[in-house]
Amino acid sequence: MISRSLARALLASVALLTASVLLAGCDTDQVSLATNAKANQPVPPKLLAAMVEKDMDLQSPILVRLFKQEAELEVWKQTRNGQFALLKTYPICRWSGDLGPKVREGDRQAPEGFYSINPGQMNPQSAYYLSFNTGYPNAFDKALGRSGSQLMVHGDCSSRGCYAMTDEQIAEIYSLGRESFFGGQKAFQLQAYPFKMTPVNMAKHRNNPNMPFWKMIKEGYDHFEVTRQEPKVDFCEKKYVFDAAKTPDAKRDPVFDASAKCPAYVIPEDIASAVREKDARDQAEYAKLVAKGTPVARMNTGIDGGMNKIFAAKIPEGSTGLSEGAEGTTLQMLAMAKAPGTIPGHVNPPRPNLDAAAPSPQEEPVVAVSAPATSTRVAAAQPAEKSQEKSQEKSQSGGFFSNLGRKMGLGTADTTATASAPPPQATASVAPATTSTTPPSAASRLKAAVTRFVPGRDTTKDAPKPAVAAAKPAEPAKPDTRLAATRPALKPTVSDDPAGGPQMAGAAPVVQSNSFDSRFGAVK
């Protein structure tokens, strides 16, 4: 009896020892995945409910996709039929750099490409709440001599070459990765893109110098789109290769080296044909977009990265930077929505693209001539009055006998020629005529006296024209519009009424002030 009890104890001890040895021999990264309360947070009930709805297991494999321009992180999860489905999209709080891959240490670029995240890259002791290392540089990056380290997806909404989320967001993403490792996934794939690789985006960025690289990683994007399976990634001849398999006559799988010549390989025909069909559709749509003149995305300078518009709406003077997202009303509406996590007070949003808001030089003359209609009518009438005044001055300068001869009907050809001469073309820059208050000259008084004594002369013709004489006193003094004609009008704000209602006849046009002091006085 004693020997049996001893045997059982020894067997139990051996079992415990074996278990401890197995645990020690296992990948100890599983133990390091959850060494504190932050790393041990359970998957939220709402996400668990979404998994049930989408036929997913808690510990099934995951896949992550990142898009800079959209400022979004997608978590995909494998369903029970073996394909991946989108579980949740997270708005990115902050990413740094520009659209394009990371090239060297210190360039503040967030990486682009395909990377593998194993348990050892999960960091439960991160200075930014929680994080995982993207794995940059991969073999492709190293083959091109690219450098950089510690490029993370982390919390704290602060980025210096990373993809930064809020603490609440990274806690969820971390828990999903942790559970997938506990379920047996050796590593999950991270796909980082400049934007969603659609024909519209490719057409917009067709002149970007990074386009050859983007077309290369688009192949992997297409492989995932048509199969909903994690594409197998290899490298050779300093390029990406997706879903490569051994040739039918090969006895072993091909061996790839990012810097060496590509080995013989094939892509399974079902995948290759589906990718070809998708690419043909994309190319046809791309050609249509380019043919109809889809605008090319401007090259931005002075902007460091981007921010999802939901976060930009929560920050005073926040900007989406290089990320998409309508400003103005859209951000004002989003300001009422709940933010997906806590935004720390030290967040440094991207600088806004001030060049995009400023009018281009060729647009300014169009704005400058957009004056009220009454101003145009006044300017058109002024040259004719000027011409009449000059004709009268010319007739007066001929002397007493010349004036007397013309009054008696002599020299009518000269007068007819002067009267038939067309008035000069009206221009908006001519100064407005003012009501004459100058006393009559001696010549004009003499002319009037002679006229009264000429026999048979109809003196009614020499009376001032009632229309002009009556209109002049009734018309108020016009402001000088020459300054307004050389300055662009202020752009209306949301609350401005550009028209201001119909203008009353005879009213003076309102000239908006657009001086340097008025535009920038508020920021002094």
Step-by-step side chain to side chain contact (heavy atoms under 4.5 Å, CB included) determination, I170 to M152: CA-CA 11 Å; I170 194 63; M152 303 279 185; over 6 Å; no

Whether T134 side chain and L151 backbone form a donor-acceptor pair below 3.5 Å: yes

Over 12 foreign heavy atoms within 6.0 Å of CZ, R80: yes

Residue pair T79 / A85: nearest heavy atoms and the distance that separates them: CG2-CB, 3.8 Å

Polar side-chain atom of Y221 near backbone of Y193 as donor-acceptor pair, under 3.5 Å: no

Partners passing disulfide (SG to SG under 2.5 Å) against C162 (at least two apart in sequence or in another chain): none

Taking every non-hydrogen atom, the tightest pair across F132 and I173: CE2-CG2, 4.0 Å

Mutual orientation of the aromatic rings belonging to F140 and F213 [parallel < 30°, tilted 30-60°, perpendicular > 60°]: parallel

4.5 Å side-chain heavy-atom contact, D107 and E105: no

Donor-acceptor contact below 3.5 Å, side chain D304 vs main chain P350: no

Worked check of side chain to side chain contact (heavy atoms under 4.5 Å, CB included) between D222 and F242: CA-CA 10 Å; D222 290 346; F242 300 99; over 6 Å; no

Residue pair C262 / K239, side-chain heavy-atom distance below 4.5 Å: yes

Main-chain N/O of Q69 paired with K196 side-chain donor or acceptor, under 3.5 Å: no

Side chains of H346 and D156, donor plus acceptor under 3.5 Å: yes

Selection residues 253-267 - residue pairs positive for side chain to side chain donor-acceptor pair (under 3.5 Å), sequence neighbours left out: none

Just list the side-chain donor-acceptor pairs under 3.5 Å for residues 176-184, sequence neighbours left out, or say none.
| from | atom 1 | to | atom 2 | distance (Å) |
| --- | --- | --- | --- | --- |
| R178 | NH1 | A39 | O | 2.5 |
| R178 | NH1 | Q41 | O | 2.9 |
| R178 | NH2 | Q41 | O | 2.9 |
| E179 | OE1 | Q59 | NE2 | 3.2 |
| S180 | OG | G177 | O | 2.7 |
| S180 | OG | Q185 | OE1 | 3.1 |

